[in-house]
Structure formats: C-alpha cells, structure tokens
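If you're wondering where the values come from, they're calculated on a predicted model, not measured in any experiment.
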Amino acid sequence: MSLAQLHYTSATDGEGSETGEDAPIRARFSAVDAAIPASVLTEAGPLLAYEPPAGTPRQVTDNALRALPESFSFSVLSDGSHLLARTVPVRTPQLSSLRFHAHAVHLPAGTRLPSGMLPITACRSARWAAATPARIPAVDPVTALPAATGRTGEREGLNDFAVSRGPWLAGVLSDLRRLSETAEPSKVVIVERQSVDVARWLALAAAVLPQESTERLTFTTYARHPQRAPQQIIGVLPQDAHELSGPGLRVHTCTGPRPEGAVDDPWAETVARIWRNRVPELFREAAELPGEPFAAGPVAVTALCAGIALGPNERAAAAGWAAERPYALDTKRTRQLVDALTAAGVDDRTGAEFDAAGRLFAALDGRSPATTTAPLAAMLVTEAVRGGNGSVELPGRTAFSGPEGAAVAAVLGPEILTELSGAGVGLDVARTVQLLRVARLLGVDCAELLPGVVRRLAPALLTDARDTDAQDAPGWAPALLELMDEQFDVRTALLGALDRIAPDDPAGAERLLGRVALPFTGTQSLPHLRMCAEAPEVKAGCGADRVGAVQRVLRAAGMSPFAEPLVLRTAVGLVWEAGPPTVGEARLLLDAATSDAHRTAGTWSHLVAAALNAPADDEAASELAHDLLRGFPQEIGGRARGALLLLEFARELRSGSAAPDWAERVRALRPGAEPVEPEVLGHAFGALAGRLLAPDGPEAELYALAHSGDADLIAAYDRAAHGPDVRARLEADPGYAAGCFAVWTAHPHAGTEWSRTTAALLEEVLRPAVRALSPDGVAAVEEAVGRSGSSGRAEAFRDWNRRGQGTLGRLGRRIAGRVRRG
C-alpha cells in the first residue's frame, strides 16, 4: 500500500516579485494526494518551508546550490499523524533565483513505515523529488526502498564518521537516550557544518536505540531557527548556533573544541567505544542478552568479551549485570569477561567496580570452574591488602584451596604479616579486620601477632562507635561480625580484651553493643560486657531509681562486687555517665559495698563528687563528707580533701562538737580547698552563721566573726539573718530580739563590713519584726534589753524604736547614713 504524498514548492518566476536576501521564500502546495486532510496542510506548510543560511544570495550558481543544506525531517502533527519529508534548495533556470521544493509522505496516526523501516533510513531513497511531477507516482518514495541491511560502503562510511566524532559520541547518544525515555519536552541540538552529518548522527543513534524508541523520535537535519523548530532533534549550522541556551535544550557543537570530562552514562560511554572500534555488529549481540532497554550491562559485557577496553563505570556495570544473570553467558564468554575484568595494567578500578566484581564471584563460585573464578578471587584479596578497600566482598575460603590460592598467599602473606606487626595496626578498625580475614582466607599464620593486634583493636572499637551516628552501625560492623564468626581465636581474644577495658569506658562499651550485636553468649564470663548490654533496658525500666538500676546491672554481671570490685566501677559508670550521684544516692552506694570495694573499683571519686556538688542547704552532705574522710583517708587528697574538711566542720558545728575559734578554723580550712565549690563554701559558712544566730550562739565566737573583717563570712551571716528561721524567732521570743539588738549595735569598731551589715540588719530584719509586735511585745523586748545590759542600752533601744516610728535622732541618722553608703 502506497502512502499519501504531497509537494510544497516555492513560487516560480512571475508568481511573486524578487525580494531581498533575508526575506522568506513564498511557497504553495503544488500537488496533494486527495487522502490528506486540509488540517494536515495547515500544519505542514511551516514544517516544509525552507529558509537558507544567513547571507545566501537570491541568485546562486550550481556549486553554491550544492553547498546549501537540505532538510530531511520527521514531524508529529496535532492529530497524532506524522510527516516524513525532504526539503531541498533549487534554482530557476532563467534567473538562477534560489527556490526550494519539499516532497513529503503522510503517515496517519498509528501507521508505521513499510517493513518496519525507520524514518532516518528513508532519507537515502532515490525517489524523493526535487520538482513537482506531472502526476503523483503510484509508489511513494519509501515503499519500494530496499531493506536497511547496510551496504559495505555505507557501513564503513558510518564507522568513519563515528570515529571522527569520537569526543562527542557519548554525550550525544546519552541525550538521545534521555529523549526516548522521558515524556518531558526537551530538544537536542546538533551543530554540524553539513546537514548530511546530522543525518549520520541519526543513523548512529538508530543503530543502538531500540526500534520502538527510534520510531518515536522526531527530527530535522537543518533548521535556521532551532528554538522555533518543533522536532526533538535539530540540526543547526555553526552560524545559527550562537546563544542557544535554556531549560530543556541540550546543545552539542561538533564543530568546536572537544568536550572535557567523561559522560556519567555507562551505556552511552560503552556504545561510543564500540562505535570508535568500528564493530557496530556488537549491538545486535548485546540486544540478544536479557536486560532493560538502555541497560549498560549487556553492551558492556559484549564489548569486554570482544576485547574492547572500557572505563571503571562500564566494567562495574558489566560485572553487576553478569552477577545477576550468571546463566546468561556460556563458559567461553564468562571466561572472556573475567579475563577482561581482571586484566593486568588496569589502574583505575573503583570501589563500585570491586563491589560488583565481588558479587560476580559469589554468583560464579561453584557454578563455574575454579580456573575461571580464581582471577576474580585473587583480584579481590589483592585489592583488600594493597588497595586498602575495606568494603571489598571477600571470596570464600575454598577459592584459595588450589595452586592459584597458594600463589596468591606467597605474594600477599609477607605483606599481611608485616602490616599486622606494625605499631599502628588496630587503630584503623576496618583495615585491621580486613587483614585478619584475608590472612585466614590465605592460610597465613598470625597467631603470635594476635594478642598485640587485639590489644590495640579493642579500644579502637569503642572510639569508632563513639564517633558514629547513634542510629547507624559503623561501616566495619558486618566485616567484624564475619571475622568473629570465622575465627574463634580472634573472637575469644577480642571479647576478652573488650571486657577488660569496659570498666574504664562503660558508656563507650554500651554504645558499641547498641550498634554492633557482638556474639558474647558463649562460655566466656564477660561480666562487664553483659552489664553494658543490659544497661539500656535496665535504665529505662528503673527510671529515676538510679541506685536500683545499679543493683539490677550488677545482677546481670553474675558476680558480686565483693568478689570482683571492678563490676562496681562498670555499674556506676553506666548509670552515672553524666553528672555525679546525689548525696542520698551516694550514701546508698556506700552502704551497698564496702569501702574496700569502692577503693579498688575507684568509685569513691563518684561519692566525693556527690558531696562536693550537693546544694548548700543539704545537711546530709556534711555527714557524707565525714564518712568519706574516714573511709578513704589515703585516697582523698588535695583540694578535694580540703573541701570535705569544710563540710565535716559544718557537721561539727551543727552537732555542737566543734572546737573553739570557729571563724579562724573555717578561714584556715578554706585555702586548702581552693578552688572551692560555691556550694561547699556556702555549706560551711552557712553552718557557722546559723550557729552564731542560734539563741545560744557563743559571744566570743560572734566577737571573732565581727572582728575578722572577712567579707564572705560576714555576708553569710547576713544571708542567714535574713532567713525565715531568724524572723520567726524574732517574732516569737522577746529575749532573742533583745539579743539581736544587743549584738547588732555592739562592736562599733569591728570594721566597715560588720558595721554596714549590722546597720542593714537593724533596719531590714529587726525593725519589721518589732513593728509587727503588739505594744506588750515591744515592752517585753525593751525589758529583755534592759536585763541583758545597762539601763543605757534599754534607753538606746527605746530611742531606736521611736526613731523608727518617724523621728530620727543622731544615732538613727548615723545608722541610716551607713546603710545608704553601703
């Protein structure tokens, strides 16, 4: 069946006036098949029109005419039909005026070219007309075209073109692949000096793209204004390619400098290498292999088996594809692929390539002969040892049981032993684990080196786990677990080393076990590791009862702290990872184990920290300090001992057992505690001030405080006097109020600090209390003042009280002035 045809030609002489060089050439439909709808003609005109390159004269010679570009196009119309056309420049014989003629065939929606022919193949038909015939031929230009088998001359010409465009091949093919894969509007612009070269690009693409993809691509080999062209692939001359940019526009200037860098498309890179090696027949071989369209694996495998060198991404794609389909290749091609992947002299292998090679070995192991898989195994272990690649998937041990394995061991064994014996081994966890695993695979004896390796590896595990995101296992975790599963001696030694160092970093061991499920459920006791494993659940279950959590964690150890004191250190470190215990918790911990156990475990320092960080009003801290000084006399020294002595002195003050000279004693203890915690100082000074403000406070000790001139001590006295206990006593006991008046008006020469403080206490503490008393209460205070001293002191109280009611005398003004100056 012949396709409907149409002819679109420019006006002949006499049908229009000659215009300037850049004016568009007028045209009309000169012959149209009756089967073509009028709506198609409306859209076809702009698609078939021809605009010569800029600067082309209206009168041209035959040579100039042959140099002008032709436009071969395949376009989709709004109704889903297609237009396949050739537009060529022509000239009139009389005036040599430049004209054009377009010959097109119309493919209704859903119609394909005869015999599955591709649109680009039809461009070599000799039946395309350059003038309107007397009648439309019965056979269209493409129906009688021979099958596109590719004559030798054409094939070689296409190979030559591919080689000449080698630098641009991968980039253009990658963009053409994207065009056929996506429905998004995008265009690929190919800049060439000859429109026929654009057609050659399309032929290159047609040879590698799936037929269904190629049939859908629209194109034109020449367009004067590429941004207006509706096709997906557009050929452009260099002079029309300036300022081509914008979203969805990919421009390849094949007449300019070579593009830099590789294309991140293994399929396109592999196809380009096949074209450059002049073996396009490999595309048919690759198409016979299973895989998705545009998958890099089939073409990469075919290229490698044919001896074509590929890059690392392409080799990785080949290995990955073969690993997923080890049944797809016969024995010969499998061996060819392995030889290509393991070829000597390749120095650009990547981690992704080695990972794919590891998967390929796993797929072929046991399926292919050992002679086929041995090169892969040797390459993988060599990379693990020499390349430092800790993520390489190592082969099984059976891969090295034959003579090939012995040869690899003879080469790599000395290198492994040398590195394992070095001082830095163990610090890099992944590297150390990899070396130990390779040593076992190759049968390298490293038993003598194992204790030193494990001794350095164990703390490195804790460090690495601490630096890893809490939500993820470290990258070396799978390899470590495989190592411990493969080698019982390494497992035993490593778990023992971790258990020994866990008391010094229990939180680190807990984090490690939370990220890596170490297998310690065997016969080893491992009390510390068992505690660290149980700690998260125990702490969550006990909540705020941290002492209870310690007891439960200790039960997980299976050992008593009396028998093994270090379990106490581990338990305390797990529960109090951050911050010391409270005083109450410290007392319970001290009672739960002997001082000897705490001494051996080193946990006495946690108890000291509890005492030194207790709030200043926690009187239990002084009791704890007393017990600690008695229980750990040799261990506690320096400023910690000085601070505890201050707390113990506060205990003596409260119990009434303190020796005289309190102010001097507390001032003497303070330097030994520096830098002393504010809570400790507040505790000791507060106890002294409270004792002096008690109803039975010794006058001599009060005198010593007043004359000490110590600003901190006097300030502590001031704070205590402002407290609720003093206010309550003042309101309830006239004698106590009288005593305070006597003390706070005595010692006028004690110093500025004391005078300023007592003046303020008279106004801010005593006066509000006296004002709140009834007249009888005030009289009782006055009487008590008189009994405690001379009649002059009682008169002074009355005078002070009257002045407080609104009349200030000389004494009142002097006291008020001191308050203001303070």
Side-chain angles (χ1 to χ4, degrees), residues 616-617 682 685-708 710-822:
D617 59 353
F685 283 15
L688 175 58
R691 188 70 184 85
L692 293 178
L693 283 165
D696 59 345
E699 185 175 347
E701 299 294 348
L702 183 60
Y703 179 89
L705 171 67
H707 288 78
S708 68
D710 191 307
D712 291 336
L713 268 176
I714 296 174
Y717 181 88
D718 181 63
R719 287 192 298 272
H722 279 83
D725 291 344
V726 171
R727 292 182 184 273
R729 289 173 190 162
L730 289 173
E731 294 172 0
D733 185 355
Y736 184 77
C740 287
F741 177 80
V743 170
W744 294 344
T745 55
H747 315 294
H749 305 296
T752 304
E753 290 292 337
W754 176 256
S755 298
R756 181 168 55 242
T757 299
T758 54
L761 291 176
L762 286 170
E763 293 302 313
E764 297 171 5
V765 178
L766 184 58
R767 190 176 298 284
V770 171
R771 283 177 181 171
L773 295 176
S774 64
D776 291 341
V778 174
V781 172
E782 182 179 337
E783 181 182 353
V785 170
R787 287 198 308 270
S788 64
S790 64
S791 58
R793 178 171 293 180
E795 182 62 29
F797 174 78
R798 286 192 294 272
D799 186 50
W800 171 80
N801 191 33
R802 285 196 301 271
R803 292 183 179 90
Q805 295 171 356
T807 57
L808 283 175
R810 185 175 59 184
L811 176 61
R813 286 193 296 272
R814 185 167 63 248
I815 292 174
R818 289 177 180 175
V819 172
R820 285 194 297 271
R821 287 194 298 275

Distance (rounded to the nearest 0.5 Å) between Asp725 CG and Arg729 CZ: 5.5 Å
Distance (rounded to the nearest 0.5 Å) between Arg767 CZ and Leu730 CG: 13.5 Å
Pair Glu753 + Arg756, salt bridge at N-O below 4.0 Å: yes
Phe741: partners by ring-ring contact (aromatic ring centres under 6.0 Å, His included), with sequence neighbours left out: Phe797, Trp800
Side-chain donor/acceptor of Tyr736 to backbone N/O of Leu693, under 3.5 Å: yes
Plane angle bin for His747 and Trp754 - parallel if under 30°, tilted between 30 and 60°, otherwise perpendicular: perpendicular
Flag, side chain of Arg719 to backbone of Gly682, donor-acceptor distance under 3.5 Å: no
Closest contact, heavy atoms only, Ala706 versus Ala750: O-CB, 3.4 Å
Output a table of donor-acceptor pairs, distance under 3.5 Å, between side-chain atoms of residues 695-704 and any protein atom two or more places apart or on a different chain; print 'none' if there are none.
residue	atom	partner	partner atom	Å
Asp696	OD1	Arg691	NH1	3.2
Glu701	OE1	Trp662	N	2.8
Glu701	OE2	Asp661	N	2.8

From OG1 (Thr757) to CG (Leu713), nearest 0.5 Å: 11.5 Å
From Leu766 atom CG to Trp744 atom CH2, the distance as rounded to the nearest 0.5 Å: 6.0 Å
Electrostatic pair Glu731-Arg727, nearest N-O below 4.0 angstrom: no
Gap between atom CG of Leu705 and atom CG of Leu688 - 0.5 Å precision: 6.0 Å
side-chain contact (heavy atoms from CB on, under 4.5 Å) between Val778 and Arg771, worked out: CA-CA 8 Å; Val778 174; Arg771 283 177 181 171; over 6 Å; no
Value rounded to 0.5 Å, distance of CD in Glu782 from CD in Glu795: 8.0 Å
